[in-house]
There are 2 protein chains.
Amino acid sequence: MPRPTNGVRTPDAIREAAIALFYEHGYEATSLREVAAKVGIRVGSLYNHISGKDELLSSIMIGIMDDLLAALRGVLREHEDDPVAALRACVDTHIRFHAQRAREVFIGNSELRALPAKEHRRVVGKRDQYEKLIRGVIEEISAQGKAEVVDARLQTYAIVAMGTHVASWYKPRGGMSLEAIVQTYTELILRQVGVSSAAVASTGS
Amino acid sequence: MPRPTNGVRTPDAIREAAIALFYEHGYEATSLREVAAKVGIRVGSLYNHISGKDELLSSIMIGIMDDLLAALRGVLREHEDDPVAALRACVDTHIRFHAQRAREVFIGNSELRALPAKEHRRVVGKRDQYEKLIRGVIEEISAQGKAEVVDARLQTYAIVAMGTHVASWYKPRGGMSLEAIVQTYTELILRQVGVSSAAVASTGS
DNA sequence: CCTACCGATCGGTAGG
DNA sequence: CCTACCGATCGGTAGG
């Protein structure tokens, strides 16, 4: 029965503290005592909210993948009829998500090996689903003759890699606005997929 | 005075064992006892060859960056007169290096935060140099009017990100040959930089 | 949510 | 290169 003295629920505070510390020092290098200290409680009290350190990591990693998948699915539903517009929306969502939730995304990519086997498979499975959705859009564009696709799998990887990379350097108060980053990357991706100018213009921003 | 009983120098064996374990479990999750066991000695004996766990990590990370920089500089020297050919060579070297030395590259990207401040700065400095070299090539192509550069920094990032990503999935016995991966990524990068077909053809492989 | 404690393991050292 | 050991810290638990 945690006291919500400051308006923040203890489970949320634990999650936020864990994200900040796992991001900054890594999962293995973070002790539950540090997490507890950041929340303002003692280590024993953590166990009223979590079952263990690995479950804390698993919930963060599965949560971020679920949110990412949900965001992509939502965006695809809005553009079922126009794959070029869908690709633009995918890139937009992908880059924004990776920039805005950079810490969780970074954890998701760097701590996979720290997960128990079962949770490892779940996270990898969700990542595969995500890639398959983007790849499907690229193949649709190709099937409509609106792009010159060389290798849909590698071209999907190129998109994924950009997001991961953005998450590693983007800072909200950095030199470049998120809008500008999204716009530039969208342009690069469209070039890379070989979308013709006509197709771009017909759905242009 | 280590005995070279099996033809492998103990320092090399320690380095190889550390790379394998840091890659598989991470730096913090790897104990020096595991490293020693893999080499076939006891933990105390490690200290005849290393000064500490962090120095072991630092030497791996600085070593990989030095090798990567040297490879890129060598390739640039061969194409000083033709920036489009230089870019092709950069991508070739970048992808091959990241595929062939995937474990070290992965460590280099995931364990930066585990480095002492001084070594952290050194590694980041070398990475900045690397990016600056690639960016310079892109800007040269742009200055010669042979490409449509949108943002040289982000386009450099896109190249770097692909290599990092390749390092995360490439397996020598995987389904796709390294040759095919290099060829596809080169094509994608050239598209992305906006190199005109004529310029590509004039230096085509 | 706290105090007090557990066994296990860590990086590193002494001395040979 | 080995044995034997150090203090520190870890994740987790008992009992309140």
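Every chain is numbered from 1, with letters handed out A, B, ... down the list of sequences. All values below come from the heavy atoms of this structure, side chains included, with hydrogens, waters and symmetry mates left out.
- Residue order along DNA chain D, read from the 5' end via each residue's closest nucleotide, puts Val43(A) first among Val43(A) and Asn48(A).
- Atom CG of Leu32(A) is separated from atom P of dC5(C) by 21 Å (rounded to the nearest Å).
- Nearest to the side-chain atoms of Ile41(B) among the listed nucleotides dC1(C), dC1(D), dG11(D) stands dC1(D).
- Rounded to a whole Å, the CD atom of Glu55(A) is 14 Å from the C1' atom of dG12(D).
- Across all strands, Thr30(A) comes closer than 4.0 Å only to sugar-phosphate atoms, never to a base (heavy-atom distances).
- At the phosphate of dT3(C), OP1 or OP2 sits under 4.0 Å from a side-chain N or O atom of Arg42(A).
- A salt bridge links Asp92(A) to Arg96(A): one of the charged nitrogens lies within less than 4.0 Å of a carboxylate oxygen.
- Searching all strands for a Watson-Crick or G-U wobble partner of dG15(C) with both distances below 3.5 Å returns dC2(D).
- Considering only side-chain atoms of Tyr47(B), the nucleotide from dC1(D), dG12(D), dG11(C) that sits closest is dG11(C).
- When Watson-Crick and G-U wobble pairs are counted only if both distances are under 3.5 Å, dT9(C) pairs with dA8(D).
- Nearest-nucleotide mapping onto DNA chain D: of Glu34(A) and Ser51(A), the residue sitting toward the 5' end is Glu34(A).
- The distance between atom CG of Leu46(A) and atom P of dT13(D), rounded to the nearest whole Å, is 12 Å.
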Using the rule given for ring pair (Phe, Tyr, Trp, His ring centres under 6.0 Å), can you reason through Tyr185(A) versus His165(A), listing the C-alpha separation, both sets of side-chain angles and the distance that settles it, and then say yes or no? CA-CA 12 Å; Tyr185(A) 274 140; His165(A) 193 252; 8.3 Å; no
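- Of the charged side-chain nitrogens involved, none lies within less than 4.0 Å of a carboxylate oxygen, so that Asp128(B) and Lys132(B) do not count as a salt-bridged pair.
- One atom, CD of Glu28(A), and another, C1' of dC10(C), lie 12 Å apart when rounded to the nearest Å.
- OP1 or OP2 of dT9(D) has not a single side-chain nitrogen or oxygen of Ser31(A) nearer than 4.0 Å.
- Taking a cutoff of 4.0 Å between a charged side-chain nitrogen and a carboxylate oxygen, Lys38(B) and Glu34(B) do not qualify as a salt bridge.
- Distance Ile50(A) CD1 to dG12(D) P: 7 Å, rounded to the nearest Å.
- Across dG11(C), dC1(C), dG12(D), the shortest atom-to-atom separation from the side chain of Lys53(B) is found for dG11(C).
- You'll find that the side chain of Ser45(B) is closest to dC1(D), out of dC1(D), dC1(C), dG11(C).
- The OH-C1' distance, from Tyr27(A) to dG11(D), rounds to 9 Å in whole Å.
- Spacing between atom CG of Leu21(A) and atom P of dG11(D) amounts to 12 Å, rounded to whole angstrom units.
- When rounded to the nearest whole Å, the span between CZ of Arg33(B) and C1' of dC1(D) equals 16 Å.
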Determine whether Arg153(A) and Glu139(A) satisfy the following criterion, salt bridge (Lys or Arg N to Asp or Glu O under 4.0 Å), listing intermediate values before the conclusion. CA-CA 10 Å; Arg153(A) 183 168 139 261; Glu139(A) 284 169 343; over 6 Å; no
